[in-house]
Amino acid sequence: MAVTSSDLYPVSRLAAVQEATAKAGIDALLLTPGPDLRYVSGYDAKPLERLTCLVVPASGEAYMLVPRLELPAAEASPASRLGLEFVAWDETDDPYRIAADRLGRVATVGLADRMWAMSSLRFRDVLPDTRQVLAGGVLRELRMRKSAVEVAALREAGEAIDAVHRQVPEFLRAGRTEREVGRDIAEAILAAGHATVDFVIVASGPNGASPHHDVSDRVIQAGEPVVVDIGGQLHNGYCSDSTRNYCVGEPPAEYAAYFEVLRRAQEAACAAVRPGVTCESIDAAAREVITEAGYGEYFIHRTGHGIGIETHEEPYIVAGNAEAMEPGFAFSVEPGIYLPGRHGARIEDIVVCGENEGERLNLTPRELVIV
Ligand code: ZN
Ligand code: ZN
Ligand code: ZN
């Protein structure tokens, strides 16, 4: 099923956001370019020094301040379907003053989590008696619960990145650098239908022990395991993220031993997903298997992160997060084992909580792929 932007950014969302804003005791949300603005309006506005800001009052009409030269772009975006007023400002206007005059006396505003400090401080200047909080407090609750259409968009993203992982064996061989392999992977990510390449990790040998390694000029050697963690944003605005492990020839024996532990840990965490269980219990399900096998100190990060219109968003699958799973929660399950100076491995799938169990959106084999 191909997902369209009017399905993904339904007009009804604005009313839901206003209701949640009122409930949170916030007078208005001020949403500058970034994921929060995109979530509410579908407008993927350029982040610029000139202010674009969707003002969502708890009650009353929402409107969007836009620089006059950006007006055609705003009107052409899905935001135009919301029937809101576009307030175009000219080069010599002060858009913050315009916003303050229209808002009047307000006790609390919610700023987009990714608003630049430049803008938040200007809003503080023009609204000196107004308390500023994060809009994310309101929006996280909505963004965390994916609709069926959003899940379909993530499924599409999963299929696209799976197609890239299937091609990785063609790119990987001894004598090539991580960077060369990474370049081929980046091309494949775009060819598979992504609009952007967000990250390409090709971590060979000892680099595999650094979870957020990028690529380097290191030449891949025979007998080395390689961690490949890749993702991008699809044209539908939703993100992909999947990690698989490859080895150029036969892996070292100690690697093969812990890889099997990791595979069981990742399986256990995926199997633990169902409505009502806490996020931290899914982390624990993976961690227990790894700890029991004696590798606990080498699993140095949380088990996963939520994913949607951003690669990392709520909910986080981490000890201390007692949030209960609900259908529509979408997140990564990506335990890893990292032996400093030697090698490492991580297996990552995106999982969506369904009515009864989790559904994995990444389906390529999780076993070590020997190339
Ligand atoms: Zn990560
Ligand atoms: Zn990843
Ligand atoms: Zn991830």
Novice: So, Asp93 and Arg68, do they make that salt bridge, N to O below 4.0 Å?
Specialist: no

Novice: So, do Ser41 and Leu82 sit near enough that their side-chain heavy atoms are less than 4.5 Å apart?
Specialist: yes

Novice: Using a 4.5 Å cut-off between side-chain heavy atoms of Ile, Leu, Val, Met, Phe, Trp and Tyr, which other residues end up in the same hydrophobic cluster as Tyr338?
Specialist: Ile300

Novice: Is there a donor-acceptor pair closer than 3.5 Å between any side-chain N or O of Asp349 and the backbone N or O of Val351?
Specialist: no

Novice: Tell me whether Arg176 forms a cation-pi arrangement with Phe171, defined as NZ or CZ under 6.0 Å from the six-membered ring centre and within 45 degrees of its axis.
Specialist: no

Novice: Strictly distance-based, threshold 3.5 Å: is any side-chain N or O of Trp116 a donor or acceptor partner for the main-chain N or O of Pro47?
Specialist: no

Novice: Roughly how far apart are Phe199 CZ and Asp214 CG, rounded to 0.5 Å?
Specialist: 11.0 Å

Novice: Does the side-chain contact (heavy atoms from CB on, under 4.5 Å) test come out yes or no for Val56 and Gln18, once each step is laid out?
Specialist: CA-CA 7 Å; Val56 184; Gln18 286 190 288; 3.5 Å; yes

Novice: Has Arg179 got more than 12 heavy atoms of other residues, nucleotides or ligands less than 6.0 Å from its CZ?
Specialist: yes

Novice: Is His343 close to Glu224 at the side-chain level, that is, under 4.5 Å between some pair of heavy atoms?
Specialist: no

Novice: Given Thr243, which partner from the list Glu334, His165, Gln266, Glu348 fulfils the side chain to side chain donor-acceptor pair (under 3.5 Å) test?
Specialist: Glu348

Novice: side-chain contact (heavy atoms from CB on, under 4.5 Å) between Tyr43 and Leu54: does it pass, once the steps are laid out?
Specialist: CA-CA 10 Å; Tyr43 182 27; Leu54 173 63; over 6 Å; no

Novice: Indicate yes or no: does Glu187 engage Arg183 in a salt bridge with an N to O separation below 4.0 Å.
Specialist: no

Novice: Quick one, Ile317 and Val333 - any side-chain contact, counting heavy atoms below 4.5 Å?
Specialist: no

Novice: Looking at Arg264 and Glu267, is any side-chain nitrogen of the basic one under 4.0 Å from a carboxylate oxygen of the acidic one?
Specialist: no

Novice: Between Arg143 and Glu150, does any NZ, NE, NH1 or NH2 come within less than 4.0 Å of an OD or OE carboxylate oxygen?
Specialist: no

Novice: Are any side-chain N or O atoms of Arg302 and backbone N or O atoms of Tyr316, one a donor and one an acceptor, separated by less than 3.5 Å?
Specialist: no

Novice: Under 4.5 Å between side-chain heavy atoms, counting indirect links through other Ile/Leu/Val/Met/Phe/Trp/Tyr residues: same cluster for Val40 and Tyr9 or not?
Specialist: yes

Novice: Should the pair Lys146-Glu313 be classified as a salt bridge under the 4.0 Å nitrogen-to-oxygen rule?
Specialist: yes

Novice: Under 3.5 Å, is there a donor-acceptor pair between the side chain of Gln233 and the main chain of Ile309?
Specialist: yes

Novice: Side-chain heavy atoms nearer than 4.5 Å, only ILVMFWY residues, links allowed to pass through others: does that put Leu103 and Ile26 together?
Specialist: no

Novice: Between Asn245, Asp241, Val200, which is the residue that forms a side chain to side chain contact (heavy atoms under 4.5 Å, CB included) with Asp229?
Specialist: Asp241

Novice: How long is the gap from CG on Leu127 to CZ on Arg122, to the nearest 0.5 Å?
Specialist: 10.5 Å

Novice: So with a 6.0 Å cut-off around CD of Glu254, is the heavy-atom count from everything else above 12?
Specialist: yes

Novice: Within 45 degrees of the axis of the six-membered ring of Tyr255 and under 6.0 Å from its centre: does Arg342 put its NZ or CZ there?
Specialist: no

Novice: Do Met118 and Thr32 come close enough that some side-chain heavy atom pair is under 4.5 Å?
Specialist: no

Novice: Flag the pair Ile290 / Leu262 as yes when at least one side-chain heavy-atom distance between them is below 4.5 Å, and no otherwise.
Specialist: yes

Novice: Give a yes or no on whether the backbone of Thr311 and the side-chain of His305 come within a donor-acceptor separation of less than 3.5 Å.
Specialist: yes

Novice: Could you tell me whether a side-chain N or O of Asp113 sits under 3.5 Å from a main-chain N or O of Asp36, the two making a donor and an acceptor?
Specialist: no

Novice: Within this structure, what is the SG-CD1 distance for the pair Cys247 and Ile220, rounded to the nearest 0.5 Å?
Specialist: 11.0 Å

Novice: Report the C-alpha separation of His213 and Glu178 in whole Å, then their side-chain angles, then the decisive distance to 0.1 Å, and conclude whether the side-chain contact (heavy atoms from CB on, under 4.5 Å) test is met.
Specialist: CA-CA 11 Å; His213 178 73; Glu178 293 175 351; 2.7 Å; yes

Novice: State whether the side chain of Arg287 and the backbone N or O of Phe299 hold a donor-acceptor pair below 3.5 Å, judged by distance alone.
Specialist: yes

Novice: Using the rule that two of Ile, Leu, Val, Met, Phe, Trp, Tyr join whenever any of their side-chain heavy atoms come within less than 4.5 Å, decide whether Leu84 and Leu51 are in one cluster.
Specialist: no

Novice: Less than 4.5 Å apart, side chain to side chain, heavy atoms only: is that true for Ile161 and Ile189?
Specialist: yes

Novice: Are Arg244 and Arg366 packed together at the side-chain level, in the sense that at least one heavy-atom pair is separated by less than 4.5 angstrom?
Specialist: yes

Novice: Determine whether a donor-acceptor pair (N or O, by modelled atom type, separation under 3.5 Å) exists between the side chain of Asp27 and the backbone of Thr108.
Specialist: yes

Novice: Salt-bridged, Glu141 to Lys23, with N to O below 4.0 Å?
Specialist: no

Novice: Counting C-beta onward and ignoring hydrogens, is there a side-chain heavy-atom pair between Ser204 and Ser216 closer than 4.5 Å?
Specialist: no

Novice: Looking at CG of Leu30 and CZ of Phe123, how far apart are the two atoms once the value is rounded to the nearest 0.5 Å?
Specialist: 5.0 Å

Novice: Near Gln221 CD, under 6.0 Å, is it more than 12 heavy atoms from other residues, nucleotides or ligands?
Specialist: yes

Novice: If hydrophobic clusters are built from ILVMFWY residues whose side chains come within less than 4.5 Å, do Leu48 and Leu37 share one?
Specialist: no

Novice: Report, as yes or no, whether the 6.0 Å neighbourhood of atom OH on Tyr298 holds more than 12 heavy atoms from other residues, nucleotides or ligands.
Specialist: no

Novice: Any pair with a residue in residues 70-85 that passes side chain to side chain donor-acceptor pair (under 3.5 Å), sequence neighbours left out, goes on the list, sorted by first then second residue, please.
Specialist: Glu85-Arg102

Novice: Can any side-chain N or O of Tyr295 pair as donor or acceptor with the backbone N or O of Val261 at less than 3.5 Å?
Specialist: no

Novice: Taking atom CD as the centre, does Glu260 end up with more than 12 heavy-atom neighbours from other residues, nucleotides or ligands that are less than 6.0 angstrom away?
Specialist: yes

Novice: Determine whether Ile230 and Leu363 fall in the same hydrophobic cluster, where Ile, Leu, Val, Met, Phe, Trp and Tyr are linked whenever their side-chain heavy atoms lie under 4.5 Å apart.
Specialist: no

